Amino acid sequence: MMIPACRVADLPRGEAYRIESDPPVAVFHTEDGEFYAIDDTCTHQDASLSDGWLEGCEVECPLHASKFDLRTGRVDAPPARLPVRTHQVLVEDGMIYVKLSDAPPNLPPSCVAARLGAVPVSGDAA
């Protein structure tokens with residue numbers, strides 16, 4: 001299934017666009033003019049990668065500085081250990097579309113607990 005993300009004209013080079021899907025997806029427009037899509041949530045902790053720093057084909061998580069390769073999803077260093085899921089991008093008639101991967105996402109433990117409806121144990125709540 002192809003999801004329309006945004007118009008090419010609305011996503012400048014060096015920027016990202018967040019698709020509010022479940023889980024959210026980030027579409028990146030690199031300085032070289034390429035488009036990539038990955039899951040928007042860092043695999044270490046619940047942080048939006050679209051809020052991170054884009055350099056070349058890597059995005060740095062805004063919380064703890066793990067970097068993810070936009071082409072492969074591979075992570076470069078701890079604290080993140082698992083890769084992010086990548087998605088296919090298609091540009092047609094000035095629109096950016098994303099075809100979601102069939103692979104399961106690598107969500108951080110806090111997101112998995114929230115999806116399962118887990119309730120904090122007494123004393124665990126902030």
Side-chain angles (χ1 to χ4, degrees):
M1 170 172 81
M2 297 297 275
I3 297 173
C6 64
R7 295 178 337 151
V8 170
D10 295 334
L11 185 55
R13 289 181 184 216
E15 297 292 324
Y17 179 82
R18 179 181 166 108
I19 300 172
E20 296 297 337
S21 53
D22 184 23
V25 170
V27 180
F28 293 89
H29 190 180
T30 67
E31 292 293 342
D32 290 339
E34 298 292 324
F35 293 96
Y36 297 97
I38 61 173
D39 282 348
D40 189 43
T41 307
C42 178
T43 59
H44 167 250
Q45 195 169 339
D46 189 7
S48 173
L49 295 174
S50 61
D51 290 337
W53 296 274
L54 182 61
E55 185 174 328
C57 286
E58 285 190 325
V59 62
E60 182 178 318
C61 177
L63 285 184
H64 299 110
S66 287
K67 293 180 184 175
F68 296 89
D69 188 312
L70 300 176
R71 299 163 295 191
T72 64
R74 198 172 119 206
V75 64
D76 76 333
R81 291 190 183 101
L82 298 173
V84 290
R85 188 172 58 159
T86 61
H87 307 282
Q88 183 180 346
V89 176
L90 173 70
V91 178
E92 189 174 279
D93 296 327
M95 278 294 294
I96 301 168
Y97 297 90
V98 175
K99 181 178 182 190
L100 297 179
S101 170
D102 292 334
N106 288 323
L107 296 175
S110 60
C111 287
V112 172
R115 286 175 143 230
L116 297 175
V119 178
V121 177
S122 179
D124 286 352

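Since the model is a prediction, treat every value here as computed from it, not as a measurement.
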Is any side-chain heavy atom of [X] closer than 4.5 Å to a side-chain heavy atom of [Y]?
X     : Y      : value
Thr41 : Pro108 : yes
His87 : Lys99  : no
Thr30 : Phe35  : no
Met2  : Leu90  : yes
Glu15 : His29  : no

hydrophobic_cluster_shared for [Y] and [X], side chain cutoff 4.5 Å:
X     : Y      : result
Val27 : Leu100 : yes
Val25 : Val91  : yes
Met95 : Ile3   : no

Report the C-alpha distance between Thr86 and Thr72 in whole Å, list the side-chain angles of each, state the deciding distance to 0.1 Å, and finish with yes or no for side chain to side chain contact (heavy atoms under 4.5 Å, CB included).
-> CA-CA 7 Å; Thr86 61; Thr72 64; 5.6 Å; no
Donor-acceptor pair, side chain of Asn106 and main chain of Pro83, under 3.5 angstrom | yes
Residues 26-40 vs salt bridge (Lys or Arg N to Asp or Glu O under 4.0 Å), sequence neighbours excluded, gives Arg18-Asp40, Asp39-Arg85
Linked hydrophobic residues, Phe68 as query - side chain contacts closer than 4.5 Å | Phe28, Tyr36, Ile38, Leu49, Leu54, Val59, Leu70, Val75, Val84
Nearest atoms (heavy-atom pairs only) where [X] meets [Y]:
X     : Y     : value
Tyr17 : Cys6  : CG-SG, 3.9 Å
Ala16 : Leu11 : C-CD1, 3.6 Å
Ala77 : Ser66 : O-OG, 2.8 Å

